[in-house]
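Note that the structure is predicted; figures quoted are calculated from it, not measured.
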Amino acid sequence: MTDTVAVLGTGIMGAPMAANLAAAGLRVRAWNRSREKAEPLAEHGIEIADTPQEAVAGADFALTMLADGPAVHEVAEAALTDVPVWIQASTVGVEWTERLAALADKAGVAFVDAPVLGTKQPAEQGKLVVLASGPEELRERCAPVFDAIGSRTVWLGPAGAGSRLKLVANAWVLALTNATAESVALAGELGVDPKLFLDAISGGALDSPYAHAKGGAMISGEYPLSFAARHAAKDARLVLDAAGDGVDLGSVRAALAHLEAAVDAGHADEDMATLYYGTRQG
């Protein structure tokens, strides 16, 4: 019998994930707070629900991919009372993951903490990396869902381990994007063609495809949306909150400052590479 997956949240990540689930032969229902963002998924044979409750009714899995912890909690508290397995894929940090796990436990719902590594293009290609954590007995049960959305699943132990590793990875992504922005900005300040910076690191130990992607956007001034600046700023705050006073994450603090400057300048819904604008003084 084919499983039914209720995808709650069909934004830049949730929509392609839902499409890939349907392409893998799973039955999919989708809900989004703004229904118009979900409606194109009907072309993939996906049923569009008017409410989270309608999406979840009778489903085998609920998969949440929403903006933040409060949004996930609000939807889950109202809708996820009867679904057997809840896969929580949103990036919500340590504290909210614990609160959501407690909510699932109270409702008698099996909880799998499974944030993903990757942004728009890997989501569209079904090449996300799933950082799964939860009951070991659900590993095989969840495999068809994870195989449909990702190229690899890493099982990490009890629920919460996935979100912790996601924060570690995000710290690196934020630092790398910010370092790229600072180097591009410095090149301009020194009268050096910033394209020469990317050319110089190509093919060597310092090379990074991510630096080329984000650096190229910064140099061209064109920012195709992969991950919005406002969401990147949210993630930076989650990283810093989790670190507390135990470790100095100066590069993440710098990235957050530059992201906030970009958001304040009107780039909130543009790609996180727009943090480059935050490096410009005056």
Side-chain angles (χ1 to χ4, degrees), residues 12-13 65-72 88-99 113-120 122 128-129 131 133 154 156 160-187 194 197-198 201 206-218 223 225-281:
I12 196 168
M13 296 292 289
M65 181 53 86
L66 297 161
D68 54 28
V72 176
Q88 206 308 98
S90 320
T91 302
V92 299
V94 173
E95 180 182 347
W96 273 106
T97 296
E98 292 172 351
R99 293 177 66 173
D113 167 43
V116 297
L117 298 181
T119 51
K120 181 182 179 182
L128 298 168
V129 176
L131 306 179
S133 56
V154 183
L156 297 160
S163 282
R164 284 172 164 80
L165 183 55
K166 178 63 187 293
L167 294 178
V168 172
N170 276 5
W172 177 80
V173 169
L174 289 158
L176 178 57
T177 305
N178 191 68
T180 302
E182 291 183 351
S183 290
V184 169
L186 180 60
F197 156 61
L198 296 178
I201 66 173
L206 301 179
D207 203 0
S208 164
Y210 199 82
H212 286 277
K214 297 304 184 186
M218 295 167 191
Y223 297 93
L225 182 60
S226 179
F227 189 62
R230 64 187 175 93
H231 294 316
K234 178 264 295 183
D235 285 1
R237 295 184 192 101
L238 292 175
V239 170
L240 293 171
D241 287 346
D245 297 326
V247 59
D248 180 12
L249 299 181
S251 57
V252 179
R253 287 199 307 274
L256 177 57
H258 292 153
L259 283 163
E260 288 177 335
V263 168
D264 289 345
H267 304 291
D269 292 312
E270 297 177 45
D271 190 73
M272 68 178 292
T274 57
L275 65 75
Y276 171 70
Y277 293 120
T279 67
R280 310 304 299 174
Q281 302 297 314

Colleague: Can you give me the closest heavy-atom contact between S251 and N178, atom names plus distance?
Modeller: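 Smallest interatomic distance, heavy atoms only, reads O-ND2, 4.3 Å.
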
Colleague: Where do A261 and G278 come nearest, in terms of heavy atoms and distance?
Modeller: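 A261 and G278 have their closest heavy atoms at CB-CA, 3.8 Å.
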
Colleague: Just so I know, are the side chains of V94 and R164 near enough to count as touching, which here means a heavy-atom distance under 4.5 Å?
Modeller: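 Of all side-chain heavy-atom pairs linking R164 with V94, at least one is under 4.5 Å.
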
Colleague: Quick check: does any side chain N or O of D113 sit under 3.5 Å from a backbone N or O of G162, one acting as donor and the other as acceptor?
Modeller: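 Confirmed, D113 side chain pairs with G162 backbone.
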
Colleague: With a 3.5 Å distance limit and no angle check, can you tell me whether S133 reaches the backbone of G160 through a side-chain donor-acceptor pair?
Modeller: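 The answer is yes, because a donor-acceptor pair under 3.5 Å joins these two groups.
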
Colleague: Please evaluate residues L238 and L240 with respect to the criterion side-chain contact (heavy atoms from CB on, under 4.5 Å), reporting the C-alpha separation (whole Å), side-chain torsions for both, the decisive distance (0.1 Å), and the verdict.
Modeller: CA-CA 5 Å; L238 292 175; L240 293 171; over 6 Å; no

Colleague: Could you walk me through whether R253 and D248 satisfy the side-chain contact (heavy atoms from CB on, under 4.5 Å) test, starting with their C-alpha distance in whole Å, then the side-chain angles of each, then the deciding distance to 0.1 Å, before giving a yes or no?
Modeller: CA-CA 9 Å; R253 287 199 307 274; D248 180 12; 2.7 Å; yes

Colleague: Do the side chain of Q88 and the main chain of S90 share a donor and acceptor less than 3.5 angstrom apart?
Modeller: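 It does hold such a pair.
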
Colleague: Not counting sequence neighbours, which residues clear salt bridge (Lys or Arg N to Asp or Glu O under 4.0 Å) with D269? List them please.
Modeller: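 In terms of salt bridge (Lys or Arg N to Asp or Glu O under 4.0 Å), with neighbours along the sequence ignored, D269 is linked to R230.
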
Colleague: Please check if the side chain of K234 supplies one atom and the backbone of V92 the other of a donor-acceptor pair under 3.5 Å.
Modeller: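 Such a contact is absent between K234 side chain and V92 backbone.
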
Colleague: Closest approach of M65 and A89, non-hydrogen atoms and distance?
Modeller: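 Distance-wise, the nearest heavy atoms are CE-O, 3.4 Å.
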
Colleague: Just list the side-chain donor-acceptor pairs under 3.5 Å for residues 165-177, sequence neighbours left out, or say none.
Modeller:
residue	atom	partner	partner atom	Å
K166	NZ	T91	OG1	2.6
K166	NZ	V116	O	3.0
N170	ND2	D235	OD2	3.2
T177	OG1	V173	O	2.8

Colleague: Pairing donors with acceptors under 3.5 angstrom, does anything connect the side chains of H231 and D68?
Modeller: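 Distance-only check fails for H231 and D68.
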
Colleague: Is there a side-chain contact between H267 and V263 in this structure, where contact means two heavy atoms from C-beta onward sitting under 4.5 Å apart?
Modeller: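 Side-chain contact under 4.5 Å: no.
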
Colleague: Which atom pair, heavy atoms only, marks the closest approach of L275 to A181?
Modeller: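 L275 and A181 have their closest heavy atoms at CD1-CB, 3.4 Å.
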
Colleague: Using side-chain heavy atoms (C-beta onward) and a distance below 4.5 Å, is L225 in contact with K120?
Modeller: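 The answer is no, as the side chains (C-beta and beyond) never meet within the 4.5 Å cut-off.
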
Colleague: Any non-hydrogen side-chain atom of L156 less than 4.5 Å from a side-chain atom of V154?
Modeller: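 Touching, per the 4.5 Å side-chain cut-off.
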
Colleague: Working note: M272 + L259, criterion side-chain contact (heavy atoms from CB on, under 4.5 Å); need CA distance, chi angles, decisive distance, verdict.
Modeller: CA-CA 7 Å; M272 68 178 292; L259 283 163; 4.3 Å; yes

Colleague: Write down the atom of M13, the atom of G118, and the distance for their closest heavy-atom approach.
Modeller: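 Looking at all heavy atoms of both residues, the shortest contact is CE-O, 3.3 Å.
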
Colleague: Can you check whether S226's main-chain N or O pairs, donor with acceptor, with D271's side chain at less than 3.5 Å?
Modeller: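 Side chain of D271 to backbone of S226: a pair is present.
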
Colleague: Quick check: do V184 and L186 have side-chain heavy atoms less than 4.5 Å from each other?
Modeller: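 A side-chain contact under 4.5 Å is absent here.
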
Colleague: Taking the side chain as C-beta and beyond, is there a heavy-atom pair between P70 and W96 under 4.5 Å?
Modeller: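 P70 reaches W96 side chain to side chain.
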
Colleague: Checking F197 now: which residues fulfil ring pair (Phe, Tyr, Trp, His ring centres under 6.0 Å) with it, not counting sequence neighbours?
Modeller: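 Not a single residue meets the ring pair (Phe, Tyr, Trp, His ring centres under 6.0 Å) criterion with F197.
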
Colleague: Which heavy-atom pair separates A233 from L256 by the least distance, and what is that distance?
Modeller: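 For A233 and L256, the tightest heavy-atom pair comes out as O-CD1, 3.6 Å.
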
